[in-house]
Amino acid sequence: MNGISFTKMHGLGNDFVVFDGRRDSVVLDMDDATAARIADRKTGVGCDQLIVIEPSRDDDADAFMRIRNNDGSEVAACGNATRCVADVLMGELNRRDVTVQTVAGLLEARGLADGQVAVDMGPAWLDWREIPLLKAVDTNHIPVSVGPLSDAVGVSVGNPHAVFFVDDAESIDLEKYGPVLEHHDMFPERANIEVCHLMAENRIRMRVWERGVGITRACGTGACAVGVAAARRGLTGRTVEVVLDGGVLGIEWLADDHVLMTGPVATSFSGILHPSLFGVH
């Protein structure tokens with residue numbers, strides 16, 4: 001059957017439909033509605049995010065990665081997807097080191113001997129204008145309160161995050177409070193919402209409500225934000241393990257303020273979509 005090829009991949013259960021726009025140029029013109037139809041778990045392939053690998057726009061990068069949320073909206077960063085795309089590129093190029101270009105910048109990735117992939121997610125941005133927030137506040141103590149959640153830490157890792165430290169992350173009704181906080185006036189570009197608690201020294205339990213997606217099993221940039229937030233609060237050192245619903249990510253907030261994220265990748269299956277989905281007959 002002639003059609004548009006895709007690969008279903010995931011990082012700790014945070015799942016993606018990955019297209020190769022270098023081969024199938026029709027996906028380069030995909031609109032929000034088409035992306036949302038493909039991402040729908042009942043009538044489409046189903047995913048948290050839809051990824052398009054495109055030709056690089058920078059001589060220093062091996063490819064460009066475009067990211068769309070489950071609702072079709074485009075975002076600048078996704079840590080788990082970066083690991084997946086890096087794994088694809090390393091297989092193509094037979095190299096251990098690749099550079100992925102995103103809207104948020106160039107991300108350097110390295111394949112490890114145990115099959116995991118480490119990605120330098122770039123610097124953590126902490127100024128209220130960089131996150132961004134509605135107004136000038138202390139980003140280590142954002143005055144936002146909804147239900148049991150208050151006193152957030154704001155961090156941008158190419159996308160905005162609000163991190164809430166609680167006694168027990170499992171007890172928080174994230175389905176109820178996540179969307180309220182995502183759309184709170186304090187976050188003009190909406191925000192990813194993380195609730196977490198300290199499990200042991202330098203080990204954090206995290207649950208996440210992703211902007212434009214909802215509750216997911218893992219969020220790479222969210223884990224980066226949580227690692228930075230915990231260090232800012234003095235709860236941990238700058239190297240932590242973050243335990244998500246889907247598994248564990250290693251996070252290191254480096255001396256140059258870049259955040260290094262390490263975790264696994266997996267390929268679930270490949271398939272072909274009918275070209276009519278993209279308006280081709």
Side-chain angles (χ1 to χ4, degrees), residues 10-16 32 35-36 39-44 46-50 67-73 75 77-80 128 131-135 137-157 159-199 203-230 232-233 235 242-249:
H10 73 89
L12 299 179
N14 185 195
D15 61 337
F16 315 103
D32 293 0
D40 189 285
R41 295 191 183 278
K42 295 187 183 300
T43 58
C47 61
D48 291 327
Q49 276 98 12
L50 189 147
I67 311 157
R68 290 182 181 274
N69 279 333
N70 177 277
D71 65 359
S73 61
V75 292
C78 178
N80 288 319
W128 70 273
I131 292 171
L133 301 179
L134 179 65
K135 58 186 178 181
V137 299
D138 177 0
T139 63
N140 204 21
H141 296 280
I142 300 175
V144 167
S145 180
V146 175
L149 300 175
S150 62
D151 191 28
V153 182
V155 183
S156 173
V157 190
N159 50 11
H161 294 268
V163 180
F164 294 86
F165 291 99
V166 297
D167 292 334
D168 179 13
E170 312 293 348
S171 70
I172 302 300
D173 188 348
L174 201 53
E175 192 80 46
K176 177 179 180 180
Y177 298 114
V180 178
L181 287 162
E182 174 192 348
H183 294 275
H184 194 284
D185 289 346
M186 183 61 80
F187 310 115
E189 295 182 9
R190 298 184 292 161
N192 297 273
I193 308 301
E194 287 83 27
V195 295
C196 49
H197 67 258
L198 199 62
M199 300 176 67
R203 188 172 173 88
I204 305 167
R205 173 69 172 118
M206 166 189 146
R207 297 174 61 222
V208 60
W209 175 275
E210 287 200 57
R211 176 182 63 165
V213 182
I215 293 175
T216 60
R217 290 176 56 80
C219 175
T221 58
C224 293
V226 164
V228 171
R232 290 183 73 193
R233 286 278 178 94
L235 301 173
V242 179
V243 180
L244 306 106
D245 290 351
V248 179
L249 288 174

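Numbering of residues begins at 1 and proceeds along the displayed sequence.
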Point to revise | Criterion side chain to side chain donor-acceptor pair (under 3.5 Å) against D245, the qualifying member of R217, R205, R207 | key: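 Filter result, single survivor: R205.
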Calculate, to the nearest 0.5 Å, the distance between atoms [atom1] and [atom2] belonging to [X] and [Y] respectively.
X: N159; Y: R190; atom1: CG; atom2: CZ; value: 11.5 Å
X: W209; Y: E182; atom1: CH2; atom2: CD; value: 7.0 Å
X: L12; Y: L249; atom1: CG; atom2: CG; value: 5.0 Å
X: T216; Y: L244; atom1: OG1; atom2: CG; value: 8.0 Å
X: I131; Y: E189; atom1: CD1; atom2: CD; value: 11.0 Å
X: C219; Y: I193; atom1: SG; atom2: CD1; value: 11.0 Å

I want to check something: taking the side chain as every heavy atom from C-beta on, are [X] and [Y] in contact at a cut-off of under 4.5 Å?
X: Y177; Y: P148; value: yes
X: V243; Y: M199; value: yes
X: V195; Y: L174; value: yes
X: F16; Y: L50; value: no
X: V144; Y: S150; value: no

Can you name the closest pair of heavy atoms from [X] and [Y] and give their distance?
X: N69; Y: V75; result: ND2-CG1, 3.2 Å
X: C78; Y: Q49; result: SG-OE1, 4.0 Å
X: E210; Y: N192; result: CA-OD1, 3.5 Å
X: A77; Y: T221; result: CB-CG2, 4.1 Å
X: A152; Y: A162; result: CB-CB, 4.2 Å
X: F165; Y: V226; result: CZ-O, 4.4 Å

Check your understanding: Ion pair present between R233 and D151, side-chain N to carboxylate O less than 4.0 angstrom?
Key ->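 Salt bridge between R233 and D151, a charged N being under 4.0 Å from a carboxylate O: yes.
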Review point. Ion pair present between R211 and D71, side-chain N to carboxylate O less than 4.0 angstrom?
Key: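 Between D71 and R211 there is no salt bridge, as every charged N stays at least 4.0 Å from the carboxylate O atoms.
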Any side-chain donor paired with an acceptor under 3.5 Å for [X] and [Y]?
X: N70; Y: D48; value: no
X: S156; Y: H161; value: no
X: R232; Y: T139; value: yes

Exercise for review: Start with the C-alpha gap between F164 and L181, add the side-chain angles, then the distance that decides, and say whether side-chain contact (heavy atoms from CB on, under 4.5 Å) holds.
Suggested key: CA-CA 11 Å; F164 294 86; L181 287 162; 3.9 Å; yes
Point to revise | Pair V248-V242, side-chain contact (heavy atoms from CB on, under 4.5 Å): steps then yes or no | key: CA-CA 6 Å; V248 179; V242 179; over 6 Å; no
Check your understanding: Checking salt bridge (charged side-chain N to carboxylate O under 4.0 Å, His left out) for the pair D15/R41: CA distance, chi angles, key distance, verdict?
Key -> CA-CA 11 Å; D15 61 337; R41 295 191 183 278; 2.7 Å; yes
Practice item. May I ask you to decide if D168's main-chain N or O and S171's side chain share a donor-acceptor pair within less than 3.5 Å? Key: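 It does hold such a pair.
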Practice item. Check for a donor-acceptor pair, side chain of H197 on one end and backbone N or O of V166 on the other, with a separation under 3.5 Å. Key: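 No.
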Review point. Is it true that atom CG of D138 has more than 12 heavy atoms of other residues, nucleotides or ligands lying nearer than 6.0 Å?
Key: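 Yes, because the 6.0 Å sphere around CG of D138 holds more than 12 heavy atoms from other groups.
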